[in-house]
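Scroll down for the structure; my scribbles are underneath it.
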Protein chains: 2
Amino acid sequence: MASSARRPERRQEPLSRERIVTAAVELLDTAGESGLTFRALAERLATGPGAIYWHVTGKGELLAAATDAVLGTALAEDPGASPRDAVRTLALGVFDALDVHPWVGAHLVSTESHAPTLPLFERVGRQVRALGVPESAWFTAASTLLNYILGVAGQNAANTRRAAPGTDRAAHLGGVADAWSALDPAEYAFTRSVAGQVRDHDDRAEFAAGIDLILDGITALSR
Amino acid sequence: MASSARRPERRQEPLSRERIVTAAVELLDTAGESGLTFRALAERLATGPGAIYWHVTGKGELLAAATDAVLGTALAEDPGASPRDAVRTLALGVFDALDVHPWVGAHLVSTESHAPTLPLFERVGRQVRALGVPESAWFTAASTLLNYILGVAGQNAANTRRAAPGTDRAAHLGGVADAWSALDPAEYAFTRSVAGQVRDHDDRAEFAAGIDLILDGITALSR
DNA sequence: GGTGATACTGGAACGGTGTTCCAGGGAAAT
DNA sequence: ATTTCCCTGGAACACCGTTCCAGTATCACC
């Protein structure tokens with residue numbers, strides 16, 4: 001026992017894939033998408049770039065792992081909920097995760113792999129099935145929902161990325177409203193007319209309203 | 001007159017912003033998003049990187065200008081059409097443009113500026129208004145449509161980017177269907193069940209069906 | 001205790017990127 | 001003829017992702 005008592009566990013907090021991914025998420029959250037560089041990551045972990053490459057294939061895998069880490073917590077399932085509520089919960093979970101980690105949206109929407117969106121598609125699809133949609137429309141209904149979620153993901157990511165980290169939501173929305181009000185009345189009549197609505201709107205509620213809108217269209221298919 | 005007769009017009013096809021943007025679009029189409037580099041662009045234009053910077057601020061503006069050039073042609077308006085048809089035409093115009101230029105999707109969805117999507121929002125919004133939606137729901141309805149369009153834009157861009165330029169659509173979809181069929185039956189029951197539908201589905205029709213779905217939800221608001 | 005093998009480290013270096021800088025050329029104005 | 005000024009394009013800079021590899025620490029076995 002004496003020999004095994006000297007545990008080598010934290011020789012100096014050994015590098016691990018998990019530690020790297022955690023640091024990558026922190027870096028992305030604080031410094032933005034362009035802030036994730038192998039050199040910055042190496043400095044934060046008090047090591048060199050080469051060591052990181054021993055645990056991780058490259059930047060692509062690093063981003064994928066970071067995305068999974070963030071999104072995984074947002075996909076919890078609640079067996080008791082109605083299909084409608086389940087979809088809403090799912091969608092809002094993604095929305096909230098992207099609100100905290102704006103870079104996920106950009107990656108989700110522009111990655112070449114379906115891997116990160118597949119679990120989301122599956123969970124959305126199950127609820128679509130539970131809604132009583134005819135089988136022939138399953139795919140259409142599920143991908144419409146997914147596409148909407150991802151579309152908002154990208155847009156919202158762009159929004160929160162643009163807003164300075166310190167400034168609050170209201171100030172930013174006010175800025176957008178001002179910009180829209182200043183547009184050419186002839187060319188942007190509609191946009192100007194809804195500038196007021198954007199000033200004091202709630203993105204989250206708006207997003208949920210969009211989900212409901214699509215769910216209405218979907219349930220109309222069941223009859 | 002004699003002096004002005006010798007027009008200096010094409011001393012050697014002088015560099016211009018327009019010529020640069022055209023070359024950039026060609027480069028993006030043939031070599032993909034990563035193919036657009038100032039050095040490749042300079043070589044194609046038989047000049048150096050410095051000359052390009054005299055006409056263009058940086059890569060961001062170059063991408064924005066290229067996006068505008070491609071998207072501008074897709075936003076033609078047809079005054080005679082019904083609001084429903086107008087939205088469909090608009091959406092399909094964007095879809096087709098992104099099909100030819102996949103890189104636009106990625107940029108549209110991840111850019112920090114709303115500039116390129118604003119004209120699209122305006123045109124969609126006008127049709128929403130024409131549908132008889134109550135004013136309080138204008139913004140929600142228009143952004144739901146826009147978000148869906150952009151969501152598909154991103155996903156579809158990822159798809160056509162992934163497919164090798166030579167291979168046709170059917171082969172690629174078959175590949176996706178095969179991959180989905182090979183998933184874990186317990187974890188991905190739904191995804192497996194729609195793998196067949198994805199094999200011989202028509203993205204374009206599917207996209208239009210999604211638009212209709214949302215339009216159904218929107219028109220339900222009018223009553 | 002020695003002695004390999006193995007798992008892991010981290011600094012140096014390579015090719016490529018966006019961007020800046022600036023010495024110059026060529027048409028137009030004086 | 002000379003000056004002016006738009007415009008060019010090559011060289012250089014800082015930084016990126018990635019590779020390479022000499023070196024270390026740890027363990028299994030003799």
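Order of the sequence lines sets the chain letters (A, B, ...), proteins ahead of strands, with each chain counted from 1.
Comparing C/dT20, D/dG9, C/dT9 by their nearest atom to the side chain of B/T47 picks out D/dG9. In the set D/dT8, C/dT19, C/dA12, C/dT19 carries the atom at the smallest distance from any side-chain atom of B/K59. In the set D/dG9, D/dC7, D/dT18, D/dG9 carries the atom at the smallest distance from any side-chain atom of B/A51. Closest to the side chain of A/W54, out of C/dT9, D/dT18, C/dT20, is C/dT9.
Rounded to whole Å, the distance from NE2 on B/H55 to C1' on D/dC7 is 7 Å. In this structure, A/L36 places its CG atom 11 Å from P of D/dT18, rounding to the nearest Å. Taking atom CD1 of B/I20 as the reference point, atom P of C/dT19 lies 13 Å away to the nearest angstrom. Between the CD atom of A/E33 and the P atom of D/dG17 there is a distance of 13 Å, rounded to whole Å. Remark: P of D/dA12 and OH of B/Y53 are 18 Å apart, rounded to the nearest angstrom.
Relative ring orientation between A/W138 and B/F190 is described as tilted, the plane-to-plane angle lying within the 30° to 60° band. Between A/F95 and A/F207, the ring planes are parallel. Angles under 30° get that label, and only those over 60° would be called perpendicular.
Ionic pairing of B/R39 and B/E43 is not present here: no N-O contact between side-chain nitrogen and carboxylate oxygen is shorter than 4.0 angstrom. At a threshold of 4.0 Å, the pair A/R192-A/D184 does not count as salt-bridged, since none of the basic side-chain nitrogens sits closer than that to a carboxylate oxygen.
Closest approach of B/L71 to B/P116, counting heavy atoms only: CD2-O, 4.0 Å.
B/T57 pairs in a side-chain hydrogen bond (donor to acceptor under 3.5 Å, both in side chains) with only one of the listed residues (B/H55, B/E61, B/K59), which is B/E61.
Checked against side-chain contact (heavy atoms from CB on, under 4.5 Å), B/L146 has the following partners two or more places apart in sequence or in another chain: B/L120, B/F121, B/L150.
When heavy atoms are screened at a 4.0 angstrom cut-off, B/L62 is found touching no nucleic acid atom at all.
A heavy-atom distance below 4.0 Å to DNA chain C is reached by these residues of residues 37-45 of chain B, ordered by number: B/T37, B/F38, B/R39.
Along DNA chain D, the nucleotide closest to B/I52 and the one closest to A/G60 are compared, and the more 5′ of them pairs with B/I52.
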